[in-house]
Amino acid sequence: MTAQPSTNKKVTLEELADLCVRRGFFFQSGRIYGGLSGFYDYGPLGVELQRNILNSWWRWFVELRSDVYGLDGSIITHPRTWEASGHVESFIDFLVSCKKCGSEYRADALLEELGIRVTSLTAESLKRAIEDHGVRCPVCGGELSDPRPFNLMFTTTVGPRREQPLVAYLRPETAQLIFTNFKNIVFAMGATLPFGVAQYGKAFRNEISPRGFLFRLREFTQMEIEYFVNPRKLNSCPYFEEVKDLKVNLLTAEDQEEGRQETREITLGEALERGFITTAWHAYWIGESLRWLWSLGLDPRHLRVREHVKSELAHYAVQTFDIEYYFPFMGWKEIVGISNRSDYDLRRHQEYSGESLHIVDDGEKVVPHVIEPSFGLERVILAVLTEAYTTEGSRTYLRLKPEIAPFKVAVFPLVKRDGLDTKALEVYRILRAHFRAYYDDDGSIGRRYAKADEIGVPYCVTIDGQTLADNTVTVRFRDTREQVRVPLSSLVDTLRTFIEKGVTRAETSYTVSAGKEPEGR
RNA sequence: GCGGCCGUAGUCUAGUCUGGUAGGAUGGCGGCCUGCCACGCCGCAGAUCCCGGGUUCAAAUCCCGGCGGCCGCACCA
């Protein structure tokens with residue numbers, strides 16, 4: 001596979017963002033006051049899409065398994081959590097600015113660029129290093145300001161205390177709440193290794209420069225799993241068979257360090273055998289994550305698995321693979337990160353809290369190792385919308401999987417008279433008890449179809465003159481505009497089957513979604 | 001955060017250079033028409049001209065500062 005996959009999608013970020021705002025998916029937050037960078041509000045359609053994707057994720061990773069528990073931790077979090085996790089220390093950048101031209105630099109990056117080794121990341125030592133080496137602004141030679149710390153975590157104060165306020169952090173990742181609840185879950189649920197904990201919710205990072213519509217936000221939604229494994233059993237994954245033959249587009253750290261940007265098509269089994277992925281559990285979760293993304297309709301050719309090079313690795317990570325999606329307007333971008341966090345987090349929390357965070361497995365006390373698949377919901381949504389965005393002549397529509405489409409069905413009277421509208425409202429009332437549905441009798445039938453297509457409604461039910469005679473309606477398919485006639489008495493069952501099987505055309509050879517059968521794990 | 005470009009109804013945009021009544025399209029609402037793919041007609045509503053300050057008799061327009069957006073750089077646990 002080449003570095004840039006061929007794609008017939010010419011959609012630009014502006015077109016996509018325009019549709020999203022115009023049709024009520026997303027709005028920039030605080031727009032009436034001039035806008036606030038890095039924050040978006042979910043509109044009426046966005047909130048449906050979001051719920052559908054969250055539900056799909058929860059079903060796939062929690063409900064269809066027996067080894068993953070759910071959790072919903074607090075957003076404002078005990079400050080010691082982040083001292084233990086390393087975020088208070090590692091999540092800081094020291095910035096210096098030029099007093100003459102105003103250019104801003106990351107102090108440690110500037111020093112390292114000049115070949116000066118940075119021994120400790122404190123304001124004092126950075127200041128001394130700048131003074132000792134007489135470092136000046138590389139742009140204009142001007143004098144540099146003192147380094148000032150910038151932590152990417154948002155803070156808030158808890159309670160009414162004004163003197164020495166209790167400063168707490170808005171979580172920069174949901175993961176830590178799983179680690180700090182590890183013992184609670186083990187005790188309450190009687191969990192035994194291996195097992196995982198899944199959580200989704202808001203996370204907050206005070207990004208220096210939010211960009212790219214939903215791509216880099218200051219407030220966003222993570223869907224994370226921390227999967228705990230006995231460190232001596234990292235290569236014994238009973239589910240590995242399920243993913244070993246999956247083909248992935250892999251770009252290893254070694255390839256990148258040697259300047260290669262082309263992925264290799266390889267099965268996960270082979271990637272593990274050849275040591276590209278170091279543990280079977282890690283490879284398994286890469287496969288499982290990919291399978292879920294495929295189930296949302298993302299084209300496997302637009303996804304690749306890229307290993308982090310050493311310099312990219314987070315302070316807690318031993319090995320990380322990003323699943324990247326090819327956005328025609330931005331190139332390859334991370335939508336999922338799957339890290340091997342080893343026992344870093346649990347050990348740190350043991351150290352800082354004094355609580356023992358072990359579990360007994362096969363009669364021995366172990367602090368488990370962790371594989372973490374971490375999904376960025378807004379990034380997944382952006383990828384899904386990009387993939388779905390389709391233009392045919394002047395027609396624009398979203399080819400969303402019926403399972404995740406905000407509305408499953410729209411109900412139209414062919415015309416608004418002769419009692420067709422009354423009958424259509426009756427049909428609508430029946431359908432809305434079963435599916436997310438809406439009724440529209442405004443303007444021409446063609447316009448109503450087009451507007452439904454634009455927001456990805458997979459099925460339009462139309463009530464016409466024949467309906468009054470024989471109680472049948474037409475069901476129109478979004479992708480092909482074909483219509484079939486269905487008796488009103490079986491409409492609900494027919495639509496339910498269509499949605500479950502992901503039918504998007506009238507052919508009998510139904511397009512079956514990449515679904516997953518319950519496997520009794 | 002830096003540099004470049006930009007900011008006018010929900011959306012797209014004319015007007016900005018050369019200061020003097022904010023105009024169009026689309027979308028929205030009401031009505032008529034309409035028997036299958038963004039039909040047509042009539043009417044109505046909709047603009048803090050991004051915000052603040054300055055210059056001026058007069059500012060969407062010129063100047064300064066801020067906010068927001070796009071692109072590039074940097075950043076991205």
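Chain letters run A, B, ... following the sequence lines, proteins first and then strands; every chain starts at 1.
Nucleotide U16(B) is matched to nothing when pairs are restricted to Watson-Crick or G-U wobble geometry with both distances under 3.5 angstrom. The partner of G1(B) is C73(B), judged by Watson-Crick or G-U wobble contacts that both fall below 3.5 Å. When both pairing distances are held under 3.5 Å, G40(B) makes a Watson-Crick or G-U pair with C32(B). Under the Watson-Crick or G-U wobble criterion, with both distances below 3.5 Å, G65(B) is paired with C51(B).
Nearer the 5' end of RNA chain B, as judged by each residue's closest nucleotide, is the contact made by Gly34(A), out of Ala314(A) and Gly34(A). Mapping Gly35(A) and Leu313(A) onto RNA chain B by nearest heavy atom places Gly35(A) closer to the 5' end of the strand.
For Gln176(A) and His349(A), the side-chain atoms include at least one donor-acceptor pair closer than 3.5 Å.
For residues 25-43 of chain A, no pair satisfies salt bridge (charged side-chain N to carboxylate O under 4.0 Å, His left out), with sequence neighbours left out.
Under the ring pair (Phe, Tyr, Trp, His ring centres under 6.0 Å) criterion, His87(A) pairs with Trp82(A), Phe91(A), His315(A), not counting sequence neighbours. The side-chain hydrogen bond (donor to acceptor under 3.5 Å, both in side chains) check on Glu48(A) picks up Arg436(A), with sequence neighbours excluded. Qualifying side-chain hydrogen bond (donor to acceptor under 3.5 Å, both in side chains) partners for Ser289(A), counting only residues two or more places apart in sequence or in other chains: none.
A straight line from CD1 of Ile208(A) to P of A74(B) spans 13 Å, rounded to a whole angstrom. Taking atom CZ on Arg216(A) and atom C1' on G1(B), their separation rounds to 12 Å, with Å as the unit. If you take CG of Leu13(A) and P of C70(B), they are 7 Å apart, rounded to a whole angstrom. Atom-to-atom, CZ of Arg23(A) to P of C12(B) comes out at 16 Å; the value is rounded to the nearest Å. The separation between Gln28(A) atom CD and C50(B) atom P is 15 Å, rounded to whole Å. The nearest whole Å value for the distance from the CG atom in Asp421(A) to the C1' atom in C33(B) is 15 Å. Counting to the nearest Å, the P atom of C70(B) and the CZ atom of Phe215(A) are 13 Å from each other. Atoms CZ (Phe329(A)) and P (G72(B)) sit 13 Å apart, rounded to a whole Å.
Between Trp285(A) and Trp281(A), the ring-plane angle classifies as parallel under the 30° and 60° cut-offs.
Of the C1' atoms belonging to G23(B) and A60(B), the separation is 13 Å, rounded to the nearest Å. A gap of 24 Å separates the C1' atoms of G66(B) and A9(B), to the nearest Å. Atom name P, nucleotides G54(B) and C12(B): the rounded distance is 32 Å, in whole Å. One C1' atom belongs to C36(B), the other to C42(B), and the distance between them is 26 Å to the nearest Å. Remark: the separation of the P atoms in U13(B) and C6(B) is 13 Å, to the nearest Å. Comparing the P positions of G40(B) and G27(B) gives a spacing of 9 Å, expressed to the nearest Å. With P as the reference atom, U18(B) and C64(B) are 15 Å apart, rounded to whole Å. Across C2(B) and G65(B), the matching P atoms stand 12 Å from one another, rounded to whole Å.
Contact annotation for Asp442(A): backbone-only contact, meaning every heavy-atom pair under 4.0 Å involves sugar-phosphate atoms and none involves a base. Across all strands, Glu14(A) comes closer than 4.0 Å only to sugar-phosphate atoms, never to a base (heavy-atom distances). Heavy atoms of Tyr33(A) sit nowhere under 4.0 angstrom from any nucleic acid atom. Residue contacts shown for Ile32(A) include a base, since a base heavy atom lies under 4.0 Å away.
Note: Phe407(A) and Tyr459(A) fail the aromatic proximity criterion, with ring centroids not under 6.0 Å apart.
Within the 3.5 Å criterion, the main-chain N or O of Thr174(A) finds a donor-acceptor partner in the side chain of Gln222(A).
Side chain of Arg211(A), nearest nucleotide from C70(B), G72(B), U34(B): G72(B).
Using a 4.0 Å cut-off, no side-chain N or O of Ser209(A) falls inside it from OP1 or OP2 of A74(B).
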For residues 206-217 of chain A, tabulate all N or O donor-acceptor pairs below 3.5 Å that involve a side-chain atom, not counting sequence neighbours.
from: Asn206(A); atom 1: OD1; to: Arg218(A); atom 2: NE; distance (Å): 3.4
from: Arg216(A); atom 1: NH1; to: Ser209(A); atom 2: O; distance (Å): 3.2

Strictly under 4.0 angstrom, non-hydrogen atoms only: write out the protein contact profile of nucleotides 35-40 of chain B, one letter per nucleotide from the 5' end, B, S or -. BBBBB-
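Side chain Arg205(A) to base C76(B): no donor-acceptor pair is found below 3.5 Å.
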